[in-house]
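Scroll down for the structure; my scribbles are underneath it.
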Amino acid sequence: MPFNRIAVGRAEEAYHPDALKAALAEFISTLIFVFAGQGSGMAFSKLTDNGAATPAGLISASIAHAFALFVAVSVGANISGGHVNPAVTFGAFVGGNITLLRGILYWIAQLLGSVVACLLLKFTTGGLETSAFALSAGVGVGNALVFEIVMTFGLVYTVYATAVDPKKGSLGTIAPIAIGFIVGANILAGGAFDGASMNPAVSFGPAVVSWTWTNHWIYWVGPLIGGGLAGAIYELFFINHSHEQLPTADY
């Protein structure tokens, strides 16, 4: 079974220089991503004088998040793997590609990066609201939960196929673009229903700064289930650990 590679890790990882550098990279990448993504929504609200959501606003959010994630993954890839998302980190842990202790370091860094990004946005915009994720009218918690599971599954599956799989070859060079594209596409699909988070850190920062926690659990449970399933399925069925020697993964 491939899951025998799942490991807690050693206590030294908590203060090993390489692990701390990777955590710092995750902090910076997440800050970049959330600042641009959340900031694009705040800019739209300002330009429309807090008007109702529109198709143009959804497209703008999709493009902003796709571009920002492409950059955030790219700048962190060589240091931390460019997870930028607790669900991606969890999926990597389920597949045995990161230890639990290192994953916890990543989580802390990602959450802090999101909170700092939202605090900076609130300061730089003169106190504009950093809106927390919420369900649209007529969308139940069950609907939103399944949405988050399916969208995050697609995201983490894409991460595995383009960045984690040792057989990826030259496909790895376009991994950040593919990851950004799937997030942008999923925002077009789910943004009008539950905001299309796919990322507990992205939801956590605005919730902390606005202190709004209604249905916040959905944006943790859904992505973690979806990310974990993607990691488990790809690792179990598609990554070969027993045949010919494959190139070392750089994720």
Would M151 and D194 count as a side-chain contact (heavy atoms from CB on, under 4.5 Å) if you check the C-alpha gap in whole Å, the side-chain angles of each, and the deciding distance to 0.1 Å? CA-CA 11 Å; M151 290 187 294; D194 75 335; 3.9 Å; yes
When rounded to the nearest 0.5 angstrom, what distance separates [atom1] in [X] from [atom2] in [Y]?
X    : Y    : atom1 : atom2 : value
L105 : L100 : CG    : CG    : 10.0 Å
I218 : S203 : CD1   : OG    : 10.0 Å
L121 : L31  : CG    : CG    : 8.5 Å
F153 : I149 : CZ    : CD1   : 11.5 Å
Q38  : T130 : CD    : OG1   : 6.0 Å
T158 : I182 : OG1   : CD1   : 4.5 Å

Search all heavy atoms of [X] against all heavy atoms of [Y] and return the closest pair with its distance.
X    : Y    : result
W107 : P86  : NE1-O, 3.1 Å
L188 : L58  : O-CD2, 3.8 Å
A64  : A36  : CB-O, 4.4 Å
G227 : T152 : N-CG2, 3.9 Å
P206 : A132 : CB-CA, 3.9 Å
I187 : A61  : CD1-O, 4.2 Å

W213/W220 aromatic ring centres below 6.0 Å: no
Are any non-hydrogen side-chain atoms of [X] and [Y] less than 4.5 angstrom apart?
X    : Y    : value
F133 : N215 : no
H65  : L69  : no
Y106 : S80  : yes
L101 : R10  : no
F90  : V156 : no

Classify the angle between the aromatic ring planes of Y234 and Y157 as parallel (below 30°), tilted (30 to 60°) or perpendicular (above 60°).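 Y234 vs Y157 ring planes: perpendicular.
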The single option from N199, V73, N85 passing side chain to side chain contact (heavy atoms under 4.5 Å, CB included) against F33: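 Exactly one option meets the side chain to side chain contact (heavy atoms under 4.5 Å, CB included) with F33, and it is N199.
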Side-chain heavy atoms nearer than 4.5 Å, only ILVMFWY residues, links allowed to pass through others: does that put [X] and [Y] together?
X    : Y    : answer
I233 : V159 : yes
I239 : L171 : no
M198 : I59  : yes
L119 : I28  : yes
M42  : F44  : no

Under a 3.5 Å distance rule, please check whether [X] uses its side chain to pair with a backbone N or O of [Y] as donor and acceptor.
X    : Y    : result
T173 : S170 : yes
N143 : G140 : yes
S40  : G37  : yes
D165 : Y160 : no
S114 : A201 : yes
K167 : F238 : yes
S136 : A192 : yes
E148 : S197 : yes

Step by step, would you call L145 with V141 a side-chain contact (heavy atoms from CB on, under 4.5 Å)? CA-CA 6 Å; L145 183 62; V141 294; over 6 Å; no
With T89 as reference, evaluate E26, R102, Q110 under the side chain to side chain donor-acceptor pair (under 3.5 Å) test and give the passing residue.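 Single side chain to side chain donor-acceptor pair (under 3.5 Å) partner of T89 among E26, R102, Q110: Q110.
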T162 vs I179, test: side-chain contact (heavy atoms from CB on, under 4.5 Å). Steps then yes/no. CA-CA 8 Å; T162 61; I179 294 166; 4.3 Å; yes
Under the criterion side-chain contact (heavy atoms from CB on, under 4.5 Å), I'd like the reasoning laid out for L120 against F35: C-alpha separation, chi angles, the key distance, then a yes or no. CA-CA 8 Å; L120 287 172; F35 190 89; 4.0 Å; yes
